[in-house]
Amino acid sequence: MTHETFRIVVVSAGVSDPSSTRLLADRAAQRVATLAKANDRAVEITMIDLRELLPELPQALSSQLLGPRFTRAVEALVDADGIIAAAPVYKAGASGLFTSFFQVLDNDLLIGKPVILAATAGTARHALVVDNEMRALFAYLRALPVPTGLFAATEDWTDKALGTRIDRAATELLILMESGFARAVRDGSWGSYQHEYGSAGGTELDIDLDSDMMRLATGGTLRDGEDPFDLSKG
Amino acid sequence: MQFGIMSVSDITRDPVTGHTPSEAERIDAILQIAKKTEEVGLDVFAIGEHHNPPFFSSSPTTLLAHIAALTERLIVTTSTTLITTNDPVRIAEEYAMLQHLSKGRMDLMLGRGNTAPVYPWFGQDIRQGLPLALENYNLLHRLWREDVVDWEGNFRGPLQGFTSTPRPLDDVPPFVWHGSIRTPEIAEQAAYYGNGYFANNIFWPKEHYQRLIDFYRRRFEAHGHGSQKEAIVGLGGQAFIAKSSQAAHDQFRPYFNEAPVYGNGPRMEDFEEMTPLSVGSPQEVIDKTLTFREAFGDYQRQLFLIDHAGLPLPMVLEQLELLGGEVVPVLRKELAAKREPGTADAPTHASLVKAKYGDAEPRQPRPNANRGDNVTGGSPYQDSEASVEAYPTL
């Protein structure tokens with residue numbers, strides 16, 4: 001039996017070159033690919049380096065106008081089966097570039113999608129940023145961060161335990177992708193989440209003509225009950 | 001096809017000179033702009049409605065009535081009239097009055113308004129903005145078409161035996177455009193009533209507007225008002241024109257960079273590429289504007305935003321000279337040549353009168369004598385059908 005290829009999108013907000021944030025994200029992505037291959041599943045990895053989106057960020061923030069690179073990033077996320085999101089920690093929080101990127105996205109773009117959260121920092125004192133801060137952002141987006149958050153301070157790069165955690169997070173992501181959770185949630189209860197016309201990266205274009213608002217738009221009323229003065233009702 | 005300008009009535013500091021016009025200066029300037037709009041051969045002048053600084057246009061019908069008195073051909077309209085925070089009864093009265101004073105040279109565009117704090121100033125709540133807009137228009141529609149209205153809704157007190165006065169000119173309601181850029185319900189309402197649909201066509205790529213305009217056209221047909229190409233579509237657009245492309249960019253850049261809404265964001269060149277904004281020579285503006293028809297089909301009204309962001313009055317007047325002198329005449333010719341047969345003409349009072357009465361005389365309502373209670377009852381006009389006897393007689 002052949003399976004569809006898993007599409008993994010890596011979002012890295014590292015800005016230096018080489019970037020330890022990018023390195024952490026790459027290690028997680030490679031681990032997912034290796035584990036998937038062992039299960040006879042192919043993986044296609046798309047890299048979104050947020051640094052390249054910087055020139056388009058001001059207009060995206062000020063007028064929700066997405067430039068061509070932003071648009072390609074959104075298209076990749078629409079199709080993603082799993083996401084790896086990695087940020088450097090600045091001043092006790094995920095970097096502004098990382099946060100801004102996800103704040104610009106439609107609220108319903110990532111619903112149900114499994115995500116590995118990863119952060120890097122110069123000191124272990126930032127270790128809770130992944131679980132206390134980044135996890136909340138993805139909860140808001142109704143995405144599904146895997147139980148293991150990845151955090152790498154300088155000393156972790158020489159510690160085998162980081163590799164163990166990467167393996168754990170990758171395994172968790174793979175299981176969630178294999179379970180078809182995101183698709184099942186979207187197929188089963190997409191309508192129960194909040195959407196706007198044209199949201200979900202421009203894919204939410206269904207118009208329900210059979211709604212209270214559409215009845216009101218076509219001369220109907222929101223009022224309950226019958227008109228006591230309606231003579232036609234006898 | 002009608003061409004004109006729309007202003008949001010912002011009073012913005014001129015970023016080049018540092019001068020901020022007073023309210024008095026800006027209101028005086030808008031009159032000169034409106035008169036110039038007619039002088040250079042354009043058809044339509046539209047003004048927005050706002051209830052907070054730095055805008056001056058809180059009372060559009062007062063302004064538009066004055067402009068109508070100063071002009072002879074110009075159609076005055078709004079961009080937009082707030083259908084949410086205004087009582088639809090007052091809209092019915094004020095715009096019918098404007099219609100009489102302008103001899104039918106008016107219409108109006110309805111919009112919701114997206115400034116949350118404004119709603120409670122008028123006793124409303126932005127979270128109810130959409131149902132408020134839809135219900136208010138349902139009432140407005142009836143107030144202009146029925147002499148006597150009984151009505152009950154969710155957002156204002158009920159009406160019993162209410163007559164909105166004056167009745168519309170020639171008993172033909174003002175034409176209504178519904179402005180919206182992301183709300184299918186508004187497009188559906190425009191289609192249901194056979195009204196016009198207007199997309200501001202400013203901030204986003206044209207593909208964004210295309211979807212709802214197509215939806216509106218399909219629904220216009222589904223509701224039995226005619227074919228899709230007979231639907232009435234209006235578009236905004238934003239232009240800055242100079243003799244050369246370079247001059248246009250040099251002159252407009254400081255205003256673009258500090259413009260309200262999108263200022264300090266995108267580069268002007270990126271905004272030009274991604275949105276309907278055109279900055280350039282007359283030919284460049286013509287070429288860009290012609291792409292609108294390709295994207296949206298033949299349409300009936302094109303309004304340009306050229307008076308905003310602190311542009312000084314002489315510069316706005318010069319824009320009008322170029323727009324009316326060099327751009328619009330070519331657009332008229334080119335669009336007329338490309339126009340598909342069977343598309344609707346832009347509605348005017350004369351065309352609506354013709355559609356309702358043919359060659360017959362329009363109805364001119366004359367009130368019955370006051371019964372002494374200042375309430376009109378079921379048959380306020382001499383030609384009203386007295387369907388219900390007011391009081392039984394013994």
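Naming convention: chains lettered A, B, ... in sequence-line order (proteins, then strands); numbering from 1 in each chain. Since this is a predicted model, take the numbers as computed values, not measurements.
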Side-chain donor/acceptor pairs under 3.5 Å, residues 78-90 of chain A, sequence neighbours excluded:
residue : atom : partner : partner atom : Å
D81(A)  : OD2  : R7(A)   : N            : 2.7

Which portion of [X] sits near chain A, non-hydrogen atoms under 4.5 angstrom:
X       : result
T183(B) : neither
H223(B) : side chain
R142(B) : neither
F215(B) : side chain

Partner chain A: residue of D270(B), D150(B), L130(B), L212(B) with the largest heavy-atom pair count (under 4.5 Å):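 Among the listed options, the one with the most contacts to chain A is L212(B).
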Among the listed options M274(B), R182(B), R267(B), the residue most often paired with chain A at heavy-atom distances under 4.5 Å: M274(B)
Between [X] and chain B, with a heavy-atom cut-off of 4.5 Å, which part of the residue counts as in contact: side chain, backbone, both or neither?
X       : answer
Q64(A)  : both
I207(A) : side chain
L209(A) : side chain
L57(A)  : neither

Is it true that R22(A) and D49(A) have a side-chain N and a carboxylate O under 4.0 angstrom from each other? yes
State whether a side-chain donor-acceptor pair under 3.5 Å links [X] with [Y].
X       : Y       : value
N107(A) : Y193(A) : no
S62(A)  : Q59(A)  : no
Q160(B) : W151(B) : no
E272(B) : H249(B) : yes
N195(B) : H178(B) : yes

